[in-house]
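Sequence lines set the chain letters: A, B, ... in the order given, protein chains first and strands last, and positions in each chain run from 1. We use all heavy atoms of the structure for the numbers below, so side chains are in, but hydrogens, waters and symmetry mates are not.
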Amino acid sequence: MPKKILIVDDEPNIVVPLQFLMEQNGYAVDVAYSGEEALESISRWRPDLVLLDIMLPGMDGFEVCQIMRLNEAWRDIKIVFLTAKGRDVDVAKGMVLGADAYIIKPFSNTEIIAKVRALLENTK
Amino acid sequence: MSTTRRFWWFSAVALILTLVTVGFIALLFWHQLTLDEKNIFFEVVKARFIYFFGAGFILLLGLGLILDGIFHLYILPIKRLTEEIQIILSVNPSRRISEEGGQWFVEVASLLNEWADRMETLQHDVDEKIGLVRTEIEEERNIFAAILSELPQGVMICNAEGQILLYDKQTRQFFEAEPESSGPDLSCRPGHFIGLGRSIFGVLEKNRIVHALDEIAFKLDRNEADVSSRFVIVSPAGNLITVEVVPILDACERICTGFALILEDITGRMEKEAKIDGLFQGLTTGIRTSLAAIRSAAEAMIAYPNMEKEKRERFQEIIHHESLTIGDRVNDAASKYSSRLLGRWPRTRTAACDFVEGVKRQAQAKLGIQVEIQGEHLEAWIELDTYSALLAMLFLLHRLKDHAFGEEREGGSGRPGKQQFSLALGKEDGFICLDIHWPGPPVSMETLNQWDAETLSVNNELFLLPLGEVIRHHDAELLPLPGKKDVGIAALRLLFPEAQVVEGKRLRTPLTFGPGSRPEFFDFDLFDHYGQDSDMDDRPLRELPFTVFDTETTGLDLRGGDEIISIGAVRIVNGRLLKEDIFDQLVDPKRSVPPESTRIHGISPEMLKSQPPIEQVLASFHLFAEGTVLVGHNAAFDMKMIQMKETAAGVRFTNPVLDTLLLSAAIHPAQENHHLETIARRLGISIMGRHTALGDAIVTGEIFLKLIALLEQTGIHTLKEARTLSQKTFYARKRY
């Protein structure tokens with residue numbers, strides 16, 4: 001059974017290539033365009049990893065992350081922040097909130113696949 | 001009047017003694033007479049009684065008249081003489097003794113007057129010499145004060161007790177600037193009075209200062225290089241202000257004798273920085289997002305060359321679209337950045353027409369070039385560093401002249417009438433165009449570029465930057481225009497961005513200095529005044545801070561519902577009347593104002609409509625007068641008025657009160673009239689603006705300062721002594 005990845009980003013132009021990339025690497029992919037959609041997908045579909053943008057309409061990525069970490073059932077879902085906010089404080093904040101990795105846009109496809117693979121393999 | 005009484009007592013006693021003596025002698029005489037003689041005497045007296053009675057009556061009457069004459073001609077004048085000499089000696093050397101009274105007295109008085117004349121002349125000469133020296137010192141102080149008051153930073157100096165010794169206009173503006181929403185008048189905002197001798201803690205939270213001073217003491221202890229302490233406050237107007245506290249140390253021991261506060265409004269800077277920061281953050285974030293999409297799509301296309309056509313087209317579309325987005329974002333940021341945020345050079349908003357006029361004048365004066373201004377008057381503003389901009393224009397004209405007419409002149413066939421430039425102003429797309437036309441060959445782009453790189457110099461004036469740099473600093477552009485080749489007219493254009501209206505810009509008022517105009521912003525003599533909280537009673541009057549005040553009312557009936565309609569006050573600190581430290585407030589009396597009273601004080605009911613009520617004004621005045629002695633003319637009346645409103649205002653005036661009327665009466669009991677005008681005239685004070693509360697308060701203040709000098713002559717120095725004296729006078733006046 002393939003591992004499941006949820007991509008959360010309000011920017012379709014990023015979602016499209018990311019989804020393609022993940023599918024080509026044999027993952028099952030779901031997409032959410034807002035924080036609320038993301039939570040809905042997590043509870044319905046329960047992904048193994050979430051690629052989470054920070055700046056989202058409505059509820060932002062930090063908030064989604066916090067809610068996920070407060071929920072015992074979702075503890076072991078990996079969270080990778082994927083964001084254009086490149087300031088050091090933002091990285092620190094993401095890590096404190098319980099993210100597993102923080103990738104700053106623009107990223108290389110190899111980098112992101114490597115990171116996703118590493119995180120998902122660790123769980124085995 | 002005690003003099004009169006004493007005199008009549010004396011007269012009565014003398015009379016009685018005389019009568020007793022005469023009676024005794026008569027009794028002796030009577031005893032020595034024989035019976036017959038007594039009878040004869042009786043007969044004679046009985047028959048000629050009228051002569052005896054007449055002689056006795058005339059004797060008494062004559063005696064009385066003589067006494068009265070002596071009293072009025074000599075004794076009273078001499079008593080008055082003493083008082084008048086005291087006035088001449090202490091406060092008003094121009095006053096002369098009135099030469100009324102007995103002949104001898106008049107002689108003495110006229111001699112004394114002559115002496116006073118000489119004294120005055122002498123004094124005048126000395127004063128003049130002192131004045132000359134003092135003027136020089138004053139001038140320097142004035143320049144210092146004027147410059148200080150125009151510094152962009154606020155400066156405040158306090159002694160160790162937190163008493164303000166110096167402040168400048170800026171500081172006052174920081175603390176007194178009013179948010180638009182609150183009351184109609186400045187002075188009605190409790191907590192924000194700044195003034196000499198006032199406590200700094202009225203305007204700055206005490207804990208902040210104490211904390212800063214603790215920090216400084218700690219740093220001093222450890223001999224640190226930087227001993228200042230900084231914090232940020234929010235002013236009443238909502239501006240962010242940084243406060244730097246710098247200790248003032250005693251030269252010998254490293255003891256803090258006071259501190260200086262340097263205040264700077266950083267609102268504008270912070271806003272600007274925040275804008276730049278926001279712009280930068282927005283730009284990087286936006287570009288990162290777009291780049292992420294592009295990179296991801298591109299890498300996917302490289303990694304999977306065999307992807308389906310549809311997918312590939314979608315990816316190509318993403319790459320194209322996102323690269324366009326990046327372009328837009330960069331353009332947007334660039335335009336916002338340059339136009340709004342860069343005011344690198346201090347530039348002045350200048351009317352374009354004025355600038356052109358200036359160019360015309362200077363070109364004529366410095367280069368002998370005729371410039372004609374064409375076109376209509378244009379109402380437009382540009383931001384210029386006027387000096388360099390003018391120099392740039394002159395430089396251009398100079399070069400153009402050589403370029404256009406130089407050869408002709410060398411060839412000796414110069415036609416001065418034709419050597420004329422014309423300037424025209426216009427507006428295009430938000431830019432102000434300054435066009436230079438001249439009859440002659442056009443300037444090539446190459447020549448323009450050459451000029452661009454040349455250092456600005458016109459005759460002897462040099463500006464150490466090339467023309468191009470100066471133009472760029474004005475965000476301007478220089479370009480050749482097509483001109484009218486057919487008639488041999490060439491043209492150049494300078495494009496200036498039109499100045500936007502900037503709101504809330506600090507307006508600069510002119511520096512003024514001259515005799516008497518020294519801003520009352522500093523008084524370092526206060527440095528030595530310690531313990532302002534100690535009991536004021538035993539302190540010398542000279543050292544005490546006073547609030548001299550006056551009120552205007554709807555009438556004089558205290559209990560009948562007359563109300564205060566105006567309070568005016570001025571402070572005296574360290575023997576100086578601070579005309580900048582005033583309280584001037586109209587009050588809504590919540591009742592009608594009788595027209596008779598309007599005739600006196602000139603305050604009409606309309607003027608009072610939007611004014612605050614007495615409760616609010618009184619609370620504010622309470623704060624204004626805090627820690628000072630209240631002084632008023634006939635203060636009892638004003639104090640009664642005020643006291644009736646204390647409860648409503650929620651304050652109590654516990655300040656000591658002095659009354660200039662009572663003090664004047666105590667010092668000059670022989671003068672009958674103690675009206676404000678009369679006293680002022682007596683003491684040589686010119687009156688202006690009477691019958692406004694503030695005007696009267698100022699006159700009263702000036703009188704009070706002179707009275708202090710007079711009191712000192714009679715041996716009264718402290719507040720307690722002055723209060724005792726006025727109390728005595730109060731009862732004395734009540735009784736008679």
If I measure from the heavy atoms of chain A, does B/Met301 come under 4.5 Å with its side chain, its backbone, both, or neither?
neither

CD/B/Glu273: more than 12 non-hydrogen atoms of other groups inside 6.0 Å
yes

Pairs touching residues 53-64 of chain A that satisfy side-chain hydrogen bond (donor to acceptor under 3.5 Å, both in side chains), sequence neighbours left out
none

Mind jotting down which residue pairs meet the ring-ring contact (aromatic ring centres under 6.0 Å, His included) criterion with at least one end in residues 11-30 of chain A? Sequence neighbours excluded, please.
A/Phe20-B/Tyr304, A/Phe20-B/Phe315

Greatest number of non-hydrogen atom pairs under 4.5 angstrom with chain B, of A/Met55, A/Gln24, A/Glu11, falls to A/Gln24

Please round to the nearest 0.5 Å and tell me the distance separating atom CG of A/Leu21 and atom CD of B/Glu299.
8.5 Å

Taking a cut-off of under 4.5 angstrom between non-hydrogen atoms, the residues of residues 95-108 of chain A near chain B are A/Ile104, A/Lys105, A/Pro106, A/Phe107, A/Ser108

Give, for atom CG of A/Leu18 and atom OG of B/Ser296, the distance between the pair rounded to the nearest 0.5 Å.
4.5 Å

With a 4.5 angstrom heavy-atom cut-off, is it the side chain or the backbone of B/Glu317 that approaches chain A, or both, or neither?
neither

Hey, are the side chains of B/Arg314 and A/Asn13 touching, using non-hydrogen atoms and a 4.5 Å cut-off?
yes

Other residues, nucleotides, ligands: >12 heavy atoms within 6.0 Å of A/Lys4 NZ
yes

Is there any side-chain hydrogen bond (donor to acceptor under 3.5 Å, both in side chains) pair reaching into residues 284-294 of chain B, and which pairs are they, with sequence neighbours excluded?
B/Ser290-B/Glu322, B/Ser290-B/Arg329

